[in-house]
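Since this is a predicted model, take the numbers as computed values, not measurements. Note: hydrogens, waters and symmetry copies are ignored here, and every other heavy atom, side chains too, is used. Order of appearance sets the numbers: ligands from 1, and atoms from 1 within every ligand.
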Amino acid sequence: MKILVTGADGQLARSLVERVQGRSGLELVAVGRPELDLAVPGSAAAAIGAIQPQLVINAAAYTAVDKAEDDPGLAFRINAEAAGEVAAAAALVDAAVIQISTDYVFDGRSNEPYAEEAPTSPLGVYGRSKLEGEDRVRAANPRHAIVRTAWVYSPFGSNFVKTMMAAARTRDVLNVVEDQRGSPTSALDLADGLLQMAETWNDAPDRGVGATYHVAGTGETSWFGLAECVMSECRKRSLPAAKVLPIATSDWPTRAARPPNSVLDSHKFEQEFDFTMPEWRQSVAVVVDRLAAG
Ligand SMILES: NC(=O)c1ccc[n+]([C@@H]2O[C@H](COP(=O)([O-])OP(=O)(O)OC[C@H]3O[C@@H](n4cnc5c(N)ncnc54)[C@H](OP(=O)(O)O)[C@@H]3O)[C@@H](O)[C@H]2O)c1
């Protein structure tokens, strides 16, 4: 199966490129800007037409949650309109599409982990644009899956784990928000889950198609809990570590509101594709190890 991944330099695309190594039956081509620019109508269709994949994973997105509040036009162009165009272009070459979406489609008022069918109600432009992207993908290509993930970190790009490790090199104390809960997700684990989907579709092309899945690290914590875990892993490796103090969201105002609870329940994916995401702490240790090794 030939897979085209958009957003070649992003955390997820780079993780997919790494994790596909050694898997027989899957060939992966990652394409990024300027060759495939979702801001430009027709750009994705041209790349998909040239590469003729059997599966497209749309990992590219406008991911700057706060900036999106001041640039809704571009956020909706990339996360909504272009997502629909990618799905339609995939359909034209008989390819399935996996659209990567987000926990920020929820408002976070529930006290329970979110299942796929839970009502959506995004709090900001980023979440609204990603939610519209989901709908456009569903409408454009029946051979789709929507995969919502959350709190993504990896050895690549910029993310919360790398930010905490960098901050600990220059500061003794880090103040981190405690009243937002979620499911930290290693992009490497998410890549493994997506590749398991692709392998399943190699043998059973209709398995679990046309559905929405949550795929996030097992367990839950707050940003404070995640930061403490990162620091503890740093200490074990004699890397610079800081003391972490809990603060409230109101002490750390951001342009876009965040859901207070966006823990995702990944059981549906686990059952359909026989893949369990690792417990979040284990994966933090793996990524800190990678970053420690440089
Ligand atoms: N990061 C998270 O915490 C998180 C949480 C939930 C869901 N997600 C979703 O997971 C997916 C992967 O996220 P990630 O963490 O891998 O994101 P990322 O590291 O921010 O990468 C996003 C990629 O999208 C590309 N991109 C942005 N605008 C583009 C455009 N106009 N045309 C083509 N590519 C463009 C970027 O390209 P450049 O390198 O050229 O800028 C970048 O490579 C996204 O769909 C995101 O919405 C992420």
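- Closest non-hydrogen pair, Leu12 versus Ala187, comes out as CD1-O, 4.0 Å.
- Between Gln11, Arg33, Arg14, it is Arg33 that holds the heavy atom closest to atom 28 (N) of ligand 1.
- With respect to the salt-bridge test (charged N to carboxylate O, under 4.0 angstrom), the residues Lys236 and Asp289 do not qualify.
- Among all non-hydrogen protein atoms, the one lying nearest atom 16 (O) of ligand 1 is Leu12 N, 2.8 Å.
- At a 4.0 Å heavy-atom cut-off, ligand 1 does not touch Tyr153 at all.
- The part of Thr63 lying near ligand 1 is the side chain, judged by heavy-atom distances below 4.0 Å.
- A donor-acceptor pair under 3.5 Å is formed between the side chain of Asn159 and the backbone N or O of Ser154.
- No chain of hydrophobic side-chain contacts below 4.5 Å, direct or via other Ile, Leu, Val, Met, Phe, Trp or Tyr residues, connects Val105 to Val97.
- If you look at Ser101 next to ligand 1, the close heavy atoms, those under 4.0 Å, all belong to the backbone.
- Classification of the Phe269-Tyr213 ring pair by plane angle, with boundaries at 30° and 60°, yields perpendicular.
- Close approach of ligand 1 to Ile78 (heavy-atom distance below 4.0 Å) involves ligand atoms 28 (N), 31 (N).
- Nearest protein heavy-atom neighbour of atom 1 (N) of ligand 1: Val152 CB, 3.6 Å.
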Item to complete: Go through Ser283 and Asp189 one step at a time and tell me if the side-chain hydrogen bond (donor to acceptor under 3.5 Å, both in side chains) criterion holds.
Response: CA-CA 8 Å; Ser283 301; Asp189 298 338; 2.5 Å; yes
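- Taking all heavy atoms of Gly7, Ala59, Ala61 into account, the minimum distance to atom 26 (N) of ligand 1 is reached by Ala61.
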Discussion item. Pair Gln180, Thr249 - check side-chain hydrogen bond (donor to acceptor under 3.5 Å, both in side chains), show working.
Written reply: CA-CA 7 Å; Gln180 290 169 33; Thr249 298; 3.2 Å; yes
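- Of the protein's non-hydrogen atoms, Gly10 CA, 3.2 Å is the one closest to atom 21 (O) of ligand 1.
- Contact annotation for Leu36 and ligand 1: only backbone heavy atoms (N, CA, C, O) come within less than 4.0 Å of the ligand.
- At the shortest separation from atom 32 (N) of ligand 1 among protein heavy atoms lies Leu38 N, 2.7 Å.
- By the rule that hydrophobic residues join a cluster once side-chain heavy atoms approach within less than 4.5 Å of another member, Val284 and Val286 end up as members of separate clusters.
- Near Trp151, the atoms of ligand 1 lying under 4.0 angstrom from a non-hydrogen atom of the residue are 3 (O), 5 (C).
- Closest to atom 39 (O) of ligand 1 among all protein heavy atoms lies Asp9 CB, 3.5 Å.
- In terms of polar-atom proximity, Asp37 is counted as a contact of ligand 1, with an N or O under 3.5 Å from an N or O of the ligand.
- Ion pairing between Arg290 and Glu18 holds under the 4.0 Å rule for side-chain N and carboxylate O.
- At least one N or O atom of Tyr126, backbone or side chain, sits closer than 3.5 Å to an N or O atom of ligand 1.
- Ranking the protein heavy atoms by distance from atom 9 (C) of ligand 1 puts Ile100 CG2, 3.8 Å first.
- For Tyr114 and Phe106, the ring centers sit closer than 6.0 Å to each other.
- Summary of contacts: the protein heavy atom closest to atom 6 (C) of ligand 1 is Thr149 O, 3.3 Å.
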Discussion item. Determine whether Phe160 and Trp151 satisfy the following criterion, ring-ring contact (aromatic ring centres under 6.0 Å, His included), listing intermediate values before the conclusion.
Written reply: CA-CA 8 Å; Phe160 182 82; Trp151 293 29; 7.6 Å; no
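- Under 4.0 angstrom from ligand 1, the non-hydrogen atoms of Lys130 all belong to its side chain.
- Looking at atom 34 (N) of ligand 1, its nearest protein heavy atom turns out to be Ala60 CB, 3.6 Å.
- Contact check on Glu134 versus Arg148 returns a salt bridge, with a Lys/Arg side-chain nitrogen under 4.0 Å from an Asp/Glu carboxylate oxygen.
- Contact analysis puts Ala39 in contact with ligand 1, with a non-hydrogen atom separation below 4.0 angstrom.
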